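These figures come from a predicted structure and were not determined experimentally. Residue numbers start from 1 in every chain, and the chains themselves are labelled A, B, ... in the order their sequence lines are given, proteins ahead of strands.
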Number of protein chains: 2
Amino acid sequence: MTEIDKISSEQLILEAAEQEFLTKGYDGARTISIAQKAGVTHAMLHYYYRTKRQLFECILAKTINTVKETMLAAMGDPNMPLVERLKDGIASHFDHMVANPLLPRFFLNEIISRPELYSLLYERVASFIREFFADLQSEADAAAERGEIEKIDIPMLIISIMSLNIFPFVAYHFIEPVMGTIIADREIFLEERKAENIELIMRRIIKH
Amino acid sequence: MTEIDKISSEQLILEAAEQEFLTKGYDGARTISIAQKAGVTHAMLHYYYRTKRQLFECILAKTINTVKETMLAAMGDPNMPLVERLKDGIASHFDHMVANPLLPRFFLNEIISRPELYSLLYERVASFIREFFADLQSEADAAAERGEIEKIDIPMLIISIMSLNIFPFVAYHFIEPVMGTIIADREIFLEERKAENIELIMRRIIKH
DNA sequence: ATAGTTATTAACAATTTTGTCAAACAATTT
DNA sequence: AAATTGTTTGACAAAATTGTTAATAACTAT
């Protein structure tokens, strides 16, 4: 064995588990399959992580952090003026999706549908989200007052942004064949999609 | 036993299975749990449906039909002028979501992620979808030519509509607590959401 | 080198889940 | 009412999956 390929089994298992859980979900994941991907016997998995459940929770902790970062990114830079800030937030959020395309489905299925897990996440993000919402709403109200934009309801707008930014990743395998040649190049499609989402939201809030 | 409660076990199992599969997915579903919900022994399940897989495929057939109907509804009434047709399509599609709120998640998870199932659906809807797309695109091009609307790319527009209409149902459990009092009444929220989605799409295509 | 620690393996145990079967039961037909 | 058919059950078998253990190997520090 050379020094280089001495990545710890513990780490190899973690990486294999991430792939397995993110693509198949908790119920669909198999500990044996994870061990095989990691190139170790499945006893190793239990040696390091005790149970499938505990291994899952290690992955969960990682994803919850990423989700938190993604949400923060979506709030945009508070120093920018509102319209620029929203553009920035949408683009950043979308970029996070591109970087973690498997996360949305995993998140929606594994976390949200399990009350005990969901409350775990909720406690960690709800308060700071409310703050940002209140902040955005007061800025939006002020801008509307000045006649710069339409009067908008921030929670509703955020749902629109999340819908537009997240759905293409949850449904990519569905979109791809139906849209056919439109998605000849994934990179190009994603760039177009990002621009389209920003365009949609801008047209929603700008006065005409 | 009265005559009235003599709903066949076969039917009871099917209904229980639908609930189980739609909420927990194939991997998460348990045949025993289905039997219990149906109020029969789990041997009955095998007597009528042979295997879990075959029972699942009965549910699948139902959902694929519903999905097909939903997609058709989303194409709107071809006799209406384009803008009205789109409004009609969005509203109808949204109403189908309200009527089958568990379908989107099930569909995205269980069908799309399994190539063999997906091709099954794809064969049954792809051709007629392409037709509608071509139809919509030529109408949109004509309307844009006349200066009535912006020049639009139909596949992209459809992705936007699907994103906006489907996501709230996939993510409802996430949206609910974060949005807090906004969703005090589900009925009202859904009506507002439907209107908002139409508004977003209209503003995207109408010239300003 | 040796003692002590950590890592690894193969075989095995426990549990869960799906699937089978023969016997009992109910309904229907002749 | 006897025969036929379809339904239901409980007990059991098979398979799949997770989890354990004892023996062994590899590494580390003295």
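Contact check, A:T41 against C:dT9: a side-chain N or O comes under 4.0 Å of OP1 or OP2. When the side-chain nitrogen and oxygen atoms of B:S9 are compared with OP1 and OP2 of D:dT8, one or more of them lie within a distance under 4.0 Å. In this model, the phosphate group of D:dT8 is approached by a side-chain N or O of B:Y48 to a distance below 4.0 Å at OP1 or OP2.
When ring centroids are compared, A:F107 and B:F174 come within the 6.0 Å threshold. A centroid separation of 6.0 Å or more is found between the aromatic rings of B:F133 and B:F128. Ring to ring, A:Y26 and A:F106 are not that close: their centroids are 6.0 angstrom or more apart. The aromatic ring centroids of A:F56 and A:F21 lie less than 6.0 Å from each other.
For the pair B:R186 and B:Y172, the distance from NZ or CZ to the six-membered ring centre is under 6.0 Å and the angle to the ring normal is within 45 degrees. Remark: A:R193 is not positioned above the aromatic ring of A:F167, lacking an NZ or CZ atom under 6.0 angstrom from the ring centre and at most 45 degrees off the axis.
Qualifying salt bridge (Lys or Arg N to Asp or Glu O under 4.0 Å) partners for B:D77, counting only residues two or more places apart in sequence or in other chains: none.
Between the OH atom of B:Y47 and the C1' atom of D:dT7 there is a distance of 5 Å, rounded to whole Å. Rounded to a whole Å, the CD atom of A:Q54 is 15 Å from the P atom of D:dT18. Between A:L45 atom CG and D:dT17 atom P the separation is 14 Å, expressed in whole Å. Separating the CD1 atom of A:I34 from the C1' atom of D:dT18 is a distance of 12 Å, rounded to the nearest angstrom. If you take CD of A:Q36 and P of C:dT9, they are 13 Å apart, rounded to a whole angstrom. Taking atom CZ of A:R50 as the reference point, atom C1' of D:dG19 lies 9 Å away to the nearest angstrom. Nucleotide D:dT18 holds its P atom 14 Å from the CD1 atom of A:I13, rounded to whole Å.
When base pairs are accepted only as Watson-Crick or G-U wobble with both N-N or N-O distances under 3.5 Å, DNA chain C takes part in stems of 3 or more pairs at C:1-30 with D:1-30.
A donor-acceptor pair under 3.5 Å is formed between the side chain of A:K52 and the backbone N or O of A:A29.
You'll find that the side chain of B:M44 is closest to D:dT7, out of D:dG10, D:dT7, C:dA7.
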Kindly indicate, with the supporting measurements, whether the criterion side chain to side chain contact (heavy atoms under 4.5 Å, CB included) is fulfilled by A:L136 and A:L157.
CA-CA 11 Å; A:L136 282 169; A:L157 193 76; over 6 Å; no

With B for base contact, S for sugar-phosphate-only contact and - for none (protein heavy atoms under 4.0 Å), nucleotides 12-18 of chain C reads -----SB

